[in-house]
> 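Okay, handing you the structure first.
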There are 2 protein chains.
Amino acid sequence: MNENNPNDIIQQFRVASRKYSDASIFMHEAIARKAGLTGSDHKYLGLILQHDQLTAGDISKLTGLTGGAVTGLIDRLEKKKLLKRQFTKDDRRKVIIIPNMENSMKLLQPIFSELQRKTTDLLATFSEKEIQIIKRYFTEATVIMNETTNNLNNK
Amino acid sequence: MNENNPNDIIQQFRVASRKYSDASIFMHEAIARKAGLTGSDHKYLGLILQHDQLTAGDISKLTGLTGGAVTGLIDRLEKKKLLKRQFTKDDRRKVIIIPNMENSMKLLQPIFSELQRKTTDLLATFSEKEIQIIKRYFTEATVIMNETTNNLNNK
DNA sequence: TTTATTTATTTTAGCAACTGAAATATTTAG
DNA sequence: CTAAATATTTCAGTTGCTAAAATAAATAAA
């Protein structure tokens, strides 16, 4: 039962990993509140900001929200000038959503800045090699989680 | 601008870290849906299960929910037999909540099992020393996120 | 004591965001 | 040129939230 038993190490790792997830969810919501957004809107805005532009339908697929919910989401974010609707001659049924990165950054960056400074300091305590190791874990765990999500949703 | 530039490595790390967070949030919700819970109820159940017992008030502090919302949360989880209310002679205003770990596991474990197998396999591709490095990152990043959350909420 | 204050939970009224379905508008296919 | 398909919005109903009032019990004060 000493702490170098591989099973104990993995068990401790899982505990640390779960606490990390819990903490990141709560922080995400605290940031949202501070920015005057709901946790949901903040989460989906983060996804939308990763694209140059996308349609309402794309957002529906990306988020899993129904069409009606997407309309509401876009309404709220547009009112806050964090994105805008753009109508196109190409296919006039579609609505192209253009994220406003500048306004979004202006809103979120000040809230993030302390966090970003602290994580930069934390990363400085790891070697480049160690950072690569952690990055590999993140990347491969992300693949696994996305697979799991797809399996759960499509059956 | 080669990929060994430290700033690039950190930038790539941040991207991987954000994708990991996004994936974990979506998976968490997919698991919840599969288990017949809302994302919220699943999240809070996870917190409650980390305790042997706690009061309604404790849950309110733990989750940040108001009293009324906690009553609703307990009602829904009690109806699903994932916890129970227990009244005590000691202080009859209080309601002690006893999580039902067995039923919760019976509900969630089958959904988790594939994920757990895959992450075990993933961890097997890292040395003990590497796992300790990742664990340290998780642990210290968790402290930073909790600090950030507290700072945001208390002012 | 017995009364007032504090503490713990539940109930209530109102609100915000979601779903599923119907409505609207436009494009594509027959 | 009509029918079917596609993209978004609107609508009605539901759920879970907040804030405040109600209820109940414990503690402190007179």
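It should be emphasised that the depicted structure is a prediction, and the values quoted were computed from it without experimental measurement. Here is the naming used below: chain letters follow the sequence lines, and residue numbers restart at 1 for every chain.
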> Toward the 5' end of DNA chain C, which comes first, A:Lys89 or A:Ser40, by nearest nucleotide?
A:Ser40
> Parallel, tilted or perpendicular: which one describes the rings of A:His28 and A:His42, with boundaries at 30° and 60°?
parallel
> How many Å lie between CD1 on A:Ile59 and C1' on D:dT9, as a whole number?
14 Å
> Heavy atoms under 4.0 Å, any strand shown: does B:Ser60 hit a base, just sugar-phosphate, or nothing?
nothing
> Applying ring-ring contact (aromatic ring centres under 6.0 Å, His included) to B:Phe126 and A:Phe13, what does each step give before you reach the verdict?
CA-CA 12 Å; B:Phe126 290 91; A:Phe13 179 86; 8.4 Å; no
> Could you check A:Arg76 against B:Gly72 and say which one's nearest nucleotide on DNA chain C is further toward the 5' end?
B:Gly72
> How close or far is atom P of C:dC18 from atom CG of B:Leu37, stated in whole angstroms?
19 Å
> Quickly work out the A:Asp41 CG to C:dA16 C1' distance and round it to whole Å.
10 Å
> Looking at A:Arg92, does any N or O in its side chain come under 4.0 Å of the phosphate oxygens OP1/OP2 on C:dT28?
no
> Whole Å only: how far is the CD atom of B:Gln86 from the C1' atom of C:dT9?
16 Å
> A side-chain contact here means heavy atoms from C-beta on lying under 4.5 Å apart; do A:Gln116 and A:Gln109 qualify?
yes
> Using whole Å, what does the distance between atom C1' of nucleotide D:dT8 and atom CG of A:Leu54 come to?
14 Å
> Rounded off to whole Å, could you give me the CG-to-P distance for the A:Leu73 and C:dA16 pair?
16 Å
> Identify whether any heavy atom of B:Gly57 sits under 4.0 Å from a base atom; if not, whether one sits that close to sugar-phosphate; answer base, sugar-phosphate or nothing.
sugar-phosphate
> For B:Leu65 and D:dA19, give me the distance from atom CG to atom P, rounded to whole Å.
11 Å
> Out of D:dT9, C:dC18, C:dT10, which nucleotide sits closest to the side chain of A:Thr71?
D:dT9
> Applying the Watson-Crick and G-U wobble criteria at under 3.5 Å, what pairs with D:dA30? Answer none if nothing qualifies.
C:dT1
> Establish whether the base of D:dT6 is bridged to the side chain of A:Arg93 by a donor-acceptor pair shorter than 3.5 Å.
yes
> May I ask you to check whether A:Thr119 and B:Arg14 show a side-chain donor-acceptor distance below 3.5 Å?
yes
> Rounded off to whole Å, could you give me the NZ-to-C1' distance for the B:Lys94 and D:dT23 pair?
18 Å
> Looking at every strand, decide which applies to B:Ala56 at a 4.0 Å heavy-atom threshold: base, sugar-phosphate, or nothing.
sugar-phosphate
> Does C:dT9 have OP1 or OP2 sitting under 4.0 Å from an N or O in the side chain of B:Arg85?
no
> D:dA25, C:dT10, D:dT8: which one has an atom nearest the side-chain heavy atoms of B:Asp91?
D:dA25
> Answer with yes or no whether the side chains of B:Asn151 and B:Thr148 bring together a donor and an acceptor at under 3.5 Å.
no
